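Lettering of chains follows the sequences in order, A, B, ..., and the numbering in each one begins at 1. Quick caveat, the model's predicted, so the values are computed rather than measured.
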Number of protein chains: 2
Amino acid sequence: MVTRGGRRRVTIADVASRAQVSTTAVSKVLRDAYGVSPAMKERVRAAIEELGYRPHAAARAMRGRTFTVGVMLPHLRNPFFADIVDGLTDELSGTGYQAILVQGGSTQKAEKAAMDALVDRQVDGILLVAPLLARARLEEVARQVPVVVLGRHERSPHFDAVFDDDETGAELVVNHLIELGHRRIAHITHQDNSTARPGDLLHVIRADTYRRVMREHGLEDEIAVATTYYSEEGGYDGAQELLRRPSRPTAIFAGADQAAFGVLAAAHDAGLSVPGDLSVAGYDNTKLAALPNISLTSIDQPGVVMGGTAGRLLRERIEGRTTAVRFSVGPSLIVRRSTAAPADLPEA
Amino acid sequence: MVTRGGRRRVTIADVASRAQVSTTAVSKVLRDAYGVSPAMKERVRAAIEELGYRPHAAARAMRGRTFTVGVMLPHLRNPFFADIVDGLTDELSGTGYQAILVQGGSTQKAEKAAMDALVDRQVDGILLVAPLLARARLEEVARQVPVVVLGRHERSPHFDAVFDDDETGAELVVNHLIELGHRRIAHITHQDNSTARPGDLLHVIRADTYRRVMREHGLEDEIAVATTYYSEEGGYDGAQELLRRPSRPTAIFAGADQAAFGVLAAAHDAGLSVPGDLSVAGYDNTKLAALPNISLTSIDQPGVVMGGTAGRLLRERIEGRTTAVRFSVGPSLIVRRSTAAPADLPEA
DNA sequence: TCGAAAATGGGTAACGTTACCCATCGCGCG
DNA sequence: CGCGCGATGGGTAACGTTACCCATTTTCGA
């Protein structure tokens, strides 16, 4: 290891000698601990200011808190994650906590490595966004550090869950399409590589709800699901597959906007007009969905609220709460120009 | 701080007693240091395996390396950043290094805080993506830890720079529009909040190049620049402003795809067809640009390569290199359907 | 006025790891 | 046969911070 040229870091000892107090005193001031007179507090604060002291997070990690929360995201491509992180950062700002992010990737191995990386760095709490691992594995981590899981409907006594009511969301979409007069409504879902209980995964819930609503309207024979990925390529491939089927769907409900964008591309390449020949709906209401050229009907999830709530729950857990909390937010349907009545609608 | 229920962490001492060697020996094995016999190495490895030992990054941070590199991103909304991070992660995989990300935000204060957070966490190297701070401030950090800056054309003796040749890229776009027959070509640039030397900032280079190429073609009187932001809103507002001007442009070159998406929306809302009434070009060639409904002419930057290179340079610096490197990648023009000859093209 | 309790300040041993140094052993060479 | 050196292994003092405990001073009620 090369020795860097910079001056030695300002430590608590430097502050102590400057303020003519003990290092213990400085530490107490920093932590707002008991046993400090206002006068001493003032002197120490001044010394901190003058010397530009910043706590050494790694050293703190050896003893106390790091004032760091770790966030694991599957990837950075979904703009919805940006909302979550913004909500979290907002909630954390002013509390002295800093968020660090790591990429979980798409395999369980990579995800485990990412989680371990956070544990090894001694973060005070971890937010897991849409993890793949089985609940038992998450609970293992939750035994070591406070955990909040976002995007899974888990009911665990050991960590909190924040999620969108995907059942209601999917219902809104499918009902909307049925009300428009569609019967051959297909769905594109996500191929998971997960060992979680299927019923806890948002894409499974969306797909199951799609099937249930179809059945409830006597459309069980029209159920058609393509299992690809919640990504542009996945949407494209899924749509191609669905459009090749003998009874071509008149509407496709993609489980995520990203996939819906791929559906739009596939429709275009197949020479189908949207919504003339095919209605398309997504989920997440990403900003792009609102662009006039796209104008995608979608489900809005309050990502900022979800991220903020996750941050609050994490802080509560760090402060000592041990009872589990589940927080569900309500989705809302945003109708745009990608959905309309099917062209061949038989007059009622 | 609550004491967590989990078992005590496995430490180097546990491994040592299991393998019947000293902690020093274990440390040596971990670091591949000199003075270990193959036999001992094997024993220690076995013990590590059996106990599931993982190095405690925070403890390492007190003495040696953390095997962590920090990445500061302005935000998570630009999918181009995902490519950079993927490139970096790829390059780092197998080397034992882990990347952690922090959000820099849009103010210099937030950016400074984000950088400090990385320094305080004792990362071995830092990748700064499109930072706002003045070079002197970056060099201050670079004195303490290896730094690579991505997206600025900086020439500093103290850190490496990885960037796209924005001059060539902007030239490609403007020449393309001129060749199509456009004369009233406008540009949307980014309002920076930066104290960096303007000539080092990519958006300034793109804007300056736009002006230069226009002048070189005798079009100095047609130069029109809207200074908003590289974001959808920014593109929308900028386009509105440009389209209100007396001599309405027939083409708009937005400095980033995100802004170009906003331009498309503004054109739509103004009742202008693209490319019939207005040609639009972007920069970055994000995936969305390729969607048939958008089909945006853009400049492709090899983000994965840039991120990978940044990772390599960072590792080299961590290994001891102190001479500065600048790495520039070549952009390429991707022509799509958002650009065409202007409608009122006078026959030549 | 005395004693006890509260308020205030500091000493010190950890936390897990690594860098530096020293001790031992065996072997080859003069 | 003795010496020196390379190979191998370990002891130990940091790194910067905090938690626990103890010492001293101040306050206040009886």
Of the listed C/dT18, D/dA7, D/dT18, the closest approach to the B/Ser27 side chain comes from C/dT18
Nearest-Å distance, OH (B/Tyr53) to C1' (C/dT18)? 11 Å
Between the side chains of A/Arg65 and A/Tyr97, is a donor N or O closer than 3.5 angstrom to an acceptor N or O? yes
Candidate nucleotides C/dT18, D/dG9, C/dG16, ranked by approach to the side chain of B/Leu30 - the nearest: C/dT18
Where the side chain of B/Met40 is concerned, which of C/dG10, D/dT18, D/dG10 is the nearest nucleotide? D/dG10
Between A/Ser194 and A/Gln108, a side-chain donor and acceptor under 3.5 Å: no
Mind calculating the distance between CZ (A/Phe67) and C1' (D/dT18) to the nearest angstrom? 11 Å
A/Tyr34 side chain, from C-beta outward: closest of D/dG9, D/dG16, C/dT8: C/dT8
Does CZ belonging to B/Arg54 count more than 12 external heavy atoms closer than 6.0 Å? yes
Just how far, in rounded Å, is P of C/dT12 from CZ of A/Arg63? 16 Å
Can you check side-chain contact (heavy atoms from CB on, under 4.5 Å) on B/Ile126 and B/Val119, steps first, answer last? CA-CA 8 Å; B/Ile126 297 184; B/Val119 172; 4.0 Å; yes
Minimum-distance nucleotide (side-chain atoms of B/Ala25 versus D/dT17, C/dG16, D/dG10): D/dG10
Just the rounded figure in Å: distance from C1' of C/dT18 to CZ of B/Arg65. 12 Å
In whole angstrom, give the distance that lies between atom CG of B/Asp14 and atom P of C/dG16. 9 Å
Heavy-atom donor-acceptor pair, A/Arg60 side-chain to D/dT17 base, under 3.5 Å: no
In whole Å, I'd like the distance from the CD atom of B/Gln122 to the C1' atom of D/dT17. 13 Å
Rounded to the nearest Å, what distance is computed from the NE2 atom of residue A/His56 to the P atom of nucleotide D/dT17? 7 Å
Starting at the 5' end of DNA chain C and moving along, which residue's nearest nucleotide shows up first, A/Ala39 or A/Thr23? A/Ala39
Using a heavy-atom cut-off of under 4.0 Å over every strand shown, decide if B/Thr11 touches base, sugar-phosphate, or nothing. sugar-phosphate
Can you tell which of C/dT8, D/dC15, C/dG10 lies closest to the side chain of A/Ser37? C/dT8
Rounded interatomic separation in angstrom, taking CD1 from B/Ile48 and P from C/dT17: 10 Å
For a quick check of understanding: with a heavy-atom distance under 4.0 Å over all strands, which category does B/Thr24 fall into, base, sugar-phosphate or nothing? base
Residue pair A/Phe159, A/Glu139: steps toward the side-chain contact (heavy atoms from CB on, under 4.5 Å) verdict: CA-CA 7 Å; A/Phe159 54 78; A/Glu139 287 177 341; 3.7 Å; yes
Toward the 5' end of DNA chain D, which comes first, B/Gln20 or B/Ala59, by nearest nucleotide? B/Gln20
